[in-house]
**Q** 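Below is a structure I'd like to ask you about.
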Amino acid sequence: MGDAFEQKIGDVREYVEREWDATVIPTLCEYIKVDNQSPSYDDAERKNGKTEAAFKLLLDWVEAQQLERSTMHYLEQEGRTPFLLVEIEAAPGCEGKKTCMVYGHMDKQPPLDNVPPGWDEGLGPYKPVIRDGKLYGRGGADDGYAVCAAVVAIKALQLQALPHGRIVVVIEACEESGSFDLPFYLEKCRDMIQDVDLVVCLDSGALEYDTMYVTQSLRGVMGGRLNVSLLTEGMHSGLGGGIVPDSFQIARRVLSRLEDQETGEVKCKELHADVPQEIIDGFKFLDEREDKLISGPVPIQPGVRFEEKESVLALRNTWMPAVTVVGADGLPACRLAGNVLRQSTSLMLSIRLPPTIDPGEATEAVQKLLTANPPHGAKVSFTPDFSGPGWKAPTLAPWCSKLFAAASQSGFGRTFAAMGCGGSIPFMGMLGDMYPEAQFCITGVLGPKSNAHGPNEFLHLDFAKKLTVSVSHILHGHAAQGRE
């Protein structure tokens with residue numbers, strides 16, 4: 001079957017290019033214009049209809065593609081985010097195979113248009129702009145493109161009479177909030193999904209724009225609110241300063257239990273995992289390259305420097321815990337700040353975890369560490385807010401490794417590369433548990449400086465088209481598994 005794809009690769013590429021330009025890019029532009037956010041960031045999400053409006057644009061586009069042997073299920077449940085499942089039955093002669101699941105999501109991160117420095121001039125979160133081959137705007141790359149890439153990849157096979165096995169495309173609407181509705185829908189749709197032996201996830205990324213990258217591992221995540229209070233109300237700093245400690249000072253002291261303020265090392269042993277030696281060895285090539293694949297894309301200020309080698313930075317980013325303060329309450333804006341000892345300080349912590357660490361156990365350890373024996377008897381609490389497991393890929397089966405290499409050749413003219421990812425996709429842990437025998441192709445378009453979750457998010461259009469070709473090859477090759 002691989003030879004058949006190679007014989008028609010020119011026609012597949014031509015169709016993918018044409019369809020992206022004619023319908024996918026215009027649809028994504030309209031999708032970007034909708035200011036929907038994942039439910040964790042929009043209290044009115046379930047009432048304002050914005051998620052449904054964004055979803056409808058994608059649903060209308062999917063329906064217009066008229067995939068053969070397909071059934072579209074758009075599911076809405078009271079109190080839950082909506083969910084899309086598209087069933088595509090196997091081509092004639094490929095029946096009886098297991099299912100390939102293709103995953104994406106359509107919810108968006110917050111716009112960050114009012115957080116300095118904001119988006120560049122002429123750009124905005126809900127203003128689609130094509131500049132230098134990149135489509136700027138919130139959600140295009142993370143992860144609105146996914147359903148379009150999946151459907152175009154399937155349609156390309158059908159138009160060229162290239163067989164494929166049974167496929168289900170699943171699109172959720174709360175991934176950025178921890179995928180809390182996904183287990184419900186996966187169970188509800190279990191009979192439609194059937195037995196999965198290959199998962200293609202289109203929510204990851206690449207270190208370069210000329211290679212298909214397959215993610216080997218994902219970090220877990222946990223977070224919560226640290227609150228410190230010593231006063232029942234704010235008071236004049238001239239009257240209280242030097243008598244009662246500032247709540248921010250106590251918050252810093254408590255945080256130093258978790259993270260070394262000089263080195264950034266996470267001190268809580270429950271948050272560390274043993275790193276497989278093959279992972280450490282696999283990063284060594286990064287030190288031999290002239291280009292800085294790990295540190296190069298980071299938008300650092302002039303004069304900022306990295307103390308570690310690229311291989312060490314990659315290891316820290318993929319298999320080591322990291323603490324980030326992502327929000328604060330109790331602190332007025334600088335222009336409004338008076339000489340006041342504030343009543344309390346609240347900090348929202350986001351903690352990335354190694355792939356094999358249990359986020360529930362990590363949360364308990366952090367809560368105990370931060371709240372035990374508070375300095376000066378301060379009122380210190382840690383309220384857990386979110387958590388999600390990490391994931392380590394199973395060893396690639398020989399057929400899968402061969403298929404990924406051929407698919408990358410079709411899209412990019414070179415074999416695929418493997419990488420760990422410092423981010424989290426809670427869905428992967430769920431699928432790993434549900435389908436322990438499945439193989440995984442975790443890939444995506446989040447390449448250097450594409451800036452998902454930040455200002456100036458963009459979708460690299462040429463890369464997305466090439467990745468669509470590669471995904472098409474993978475879906476075709478899946479049909480051959482067990483038949484050659």
Side-chain angles (χ1 to χ4, degrees), residues 24 27-63 71-87 101-112 125-126 128 137-151 168-190 192-193 199-204 218 221 385-388 423-431 434 442 444-446 452-453 457 459:
V24 174
T27 298
L28 290 178
C29 286
E30 293 304 309
Y31 161 80
I32 287 170
K33 291 178 184 178
V34 183
D35 60 338
N36 62 300
Q37 295 182 48
S38 198
S40 287
Y41 309 106
D42 183 358
D43 293 337
E45 180 271 336
R46 293 181 181 166
K47 297 180 180 179
N48 59 28
K50 294 177 181 179
T51 293
E52 290 75 11
F55 228 142
K56 186 176 188 305
L57 290 168
L58 301 176
L59 293 170
D60 289 347
W61 178 88
V62 172
E63 191 169 24
T71 306
M72 188 167 70
H73 307 274
Y74 180 64
L75 306 179
E76 295 180 285
Q77 188 85 16
E78 183 68 29
R80 296 188 183 274
T81 53
F83 181 78
L84 172 66
L85 186 146
V86 184
E87 289 183 272
M101 175 184 287
V102 185
Y103 165 86
H105 69 87
M106 54 71 61
D107 53 317
K108 301 174 185 175
Q109 280 279 322
L112 295 186
Y126 308 120
R138 177 62 81 231
D142 184 23
D143 189 38
Y145 91 98
V147 64
C148 299
V151 170
V168 294
V169 179
V170 298
I171 305 295
E172 65 161 316
C174 64
E175 189 276 340
E176 302 292 4
S177 300
S179 295
F180 52 77
D181 283 335
L182 190 58
F184 169 82
Y185 283 118
L186 291 179
E187 182 59 35
K188 184 180 181 69
C189 299
R190 182 181 287 271
M192 288 187 281
I193 295 171
V199 176
V200 178
C201 172
L202 298 177
D203 189 29
S204 191
L218 297 157
V221 65
D385 184 69
F386 57 88
S387 69
S424 305
I425 308 176
F427 162 80
M428 297 316 306
M430 302 177 200
L431 261 291
M434 291 181 69
I442 314 305
V445 297
L446 302 179
H453 297 205
E457 176 185 342
L459 173 64

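Residue indices begin at 1 and follow the sequence shown.
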**Q** For residues 169-183, which residue pairs qualify under salt bridge (Lys or Arg N to Asp or Glu O under 4.0 Å), counting only residues two or more places apart or in two chains?
**A**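 Listed once each, the pairs are R80-D181.
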**Q** Going by side chain to side chain contact (heavy atoms under 4.5 Å, CB included), name the residues that satisfy it together with S40, two or more places apart in sequence or in a different chain.
**A**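 Counting only residues at least two positions away or on another chain, S40 forms a side chain to side chain contact (heavy atoms under 4.5 Å, CB included) with S177.
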**Q** Do V24 and W61 come within less than 4.5 Å of each other through their side chains, counting heavy atoms only?
**A**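 Yes, close enough: below the 4.5 Å cut-off.
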**Q** Report the residues that fulfil side chain to side chain contact (heavy atoms under 4.5 Å, CB included) with P110, sequence neighbours left out, ordered by chain and then residue number.
**A**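 With neighbours one apart ignored, the set is Q37, Y41.
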**Q** Mind listing the closest non-hydrogen atom pair of L202 and Y145 along with its distance?
**A**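 Heavy-atom minimum between the residues: O-OH, 2.9 Å.
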**Q** Quick one: are V102 and V86 in side-chain contact, heavy atoms under 4.5 Å?
**A**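 Not touching, per the 4.5 Å side-chain cut-off.
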**Q** What's the shortest heavy-atom distance between P125 and P111, and which atoms?
**A**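 Heavy atoms of P125 and P111 come nearest at CG-CB, 3.5 Å.
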**Q** For V34 and A53, work out which heavy atoms get closest and say how close.
**A**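 Looking at all heavy atoms of both residues, the closest pair is CG1-CB, 4.4 Å.
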**Q** Let me confirm one number: the SG-CE distance from C201 to M428, rounded to the nearest 0.5 Å.
**A**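 If we round to the nearest 0.5 Å, C201:SG and M428:CE are 5.5 Å apart.
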**Q** Rounded to the nearest 0.5 Å, what separation is found between the NZ atom of K108 and the NZ atom of K50?
**A**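 So the NZ of K108 and the NZ of K50 are separated by 10.5 Å.
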**Q** About how many Å separate CE of M192 and CD of E87, when rounded to the nearest 0.5 Å?
**A**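 Taking CD in E87 and CE in M192, the distance rounds to 6.0 Å.
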**Q** Find the distance between CG (D42) and OG1 (T51) and round it off to the nearest 0.5 Å.
**A**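 That separation rounds to 7.5 Å.
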**Q** How close do S179 and M430 get, heavy atom to heavy atom, and via which atoms?
**A**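 S179 and M430 have their closest heavy atoms at O-CE, 3.6 Å.
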**Q** For residues D107 and T81, determine if any side-chain heavy atom of one lies less than 4.5 Å from a side-chain heavy atom of the other.
**A**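 No, side chains not in contact.
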**Q** Do any N or O atoms from the side chain of Y31 and from the backbone of M106 form a donor-acceptor pair under 3.5 angstrom?
**A**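 Yes.
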**Q** Under the rule for side chain to side chain contact (heavy atoms under 4.5 Å, CB included), what residues qualify as partners of S424, not counting sequence neighbours?
**A**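 Residues passing side chain to side chain contact (heavy atoms under 4.5 Å, CB included) with S424: V221, R352.
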**Q** Taking side chain as C-beta onward, heavy atoms only, is P128 less than 4.5 Å from L28?
**A**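 Of all side-chain heavy-atom pairs linking L28 with P128, none is under 4.5 Å.
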**Q** Test side-chain contact (heavy atoms from CB on, under 4.5 Å) on Y185 and L85; report intermediate values, then the result.
**A** CA-CA 9 Å; Y185 283 118; L85 186 146; over 6 Å; no
**Q** Rounded to the nearest 0.5 Å, what separation is found between the CD1 atom of I193 and the CG atom of L186?
**A**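 Answer for the CD1-CG pair, I193 versus L186, is 5.0 Å.
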**Q** Quick one: closest heavy-atom pair of P39 and C174, and the distance?
**A**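 Looking at all heavy atoms of both residues, the closest pair is CG-CB, 4.0 Å.
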**Q** How would you list, by chain and number, every residue that makes a side chain to side chain contact (heavy atoms under 4.5 Å, CB included) with K56, sequence neighbours excluded?
**A**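 Expected list: D60.
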**Q** So F55 and I171, do their side chains get closer than 4.5 Å, heavy atoms only?
**A**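 Side chain of I171 against side chain of F55, heavy atoms only: contact under 4.5 Å found.
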**Q** Assess the residue pair V170 and L182 against the criterion (side-chain contact (heavy atoms from CB on, under 4.5 Å)); give the C-alpha distance rounded to whole Å, side-chain angles, the decisive distance to 0.1 Å, and a yes or no.
**A** CA-CA 10 Å; V170 298; L182 190 58; 5.7 Å; no
**Q** Rounded to the nearest 0.5 Å, what separation is found between the CG atom of N36 and the CZ atom of R138?
**A**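 Going from CG on N36 over to CZ on R138, the span is 11.0 Å.
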**Q** Considering only heavy atoms from C-beta outward, does the side chain of Q109 approach that of E457 to under 4.5 Å?
**A**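 In short, these two side chains do not touch, never coming nearer than 4.5 Å.
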**Q** Testing the basics here: between L57 and T27, what is the closest heavy-atom pair and its distance to 0.1 Å?
**A**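 Where L57 meets T27 most closely, the heavy atoms are O-CG2, 4.0 Å.
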**Q** Are more than 12 heavy atoms, taken from residues, nucleotides or ligands other than Q77, located less than 6.0 Å from that residue's CD atom?
**A**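 More than 12 within 6.0 Å, yes.
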**Q** Side-chain contact test, heavy atoms from C-beta onward, threshold under 4.5 Å: evaluate it for D142 versus H105 and give yes or no.
**A**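 With C-beta onward as the side chain, the pair touches.
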**Q** Heavy-atom distance under 4.5 Å between the side chains of C189 and H73, does that happen here?
**A**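 No, every pair of side-chain atoms sits at 4.5 Å or beyond.
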**Q** Walk me through it: do F184 and F83 pass the test ring-ring contact (aromatic ring centres under 6.0 Å, His included)?
**A** CA-CA 10 Å; F184 169 82; F83 181 78; 9.2 Å; no
**Q** Is a donor on one side and an acceptor on the other found under 3.5 Å between the side chain of Y103 and the backbone of D203?
**A**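 No; zero donor-acceptor contacts below 3.5 Å.
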**Q** Could you pull out all residues at least two apart from K188 that satisfy side-chain hydrogen bond (donor to acceptor under 3.5 Å, both in side chains)?
**A**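 For K188, no residue satisfies side-chain hydrogen bond (donor to acceptor under 3.5 Å, both in side chains) once neighbours in sequence are set aside.
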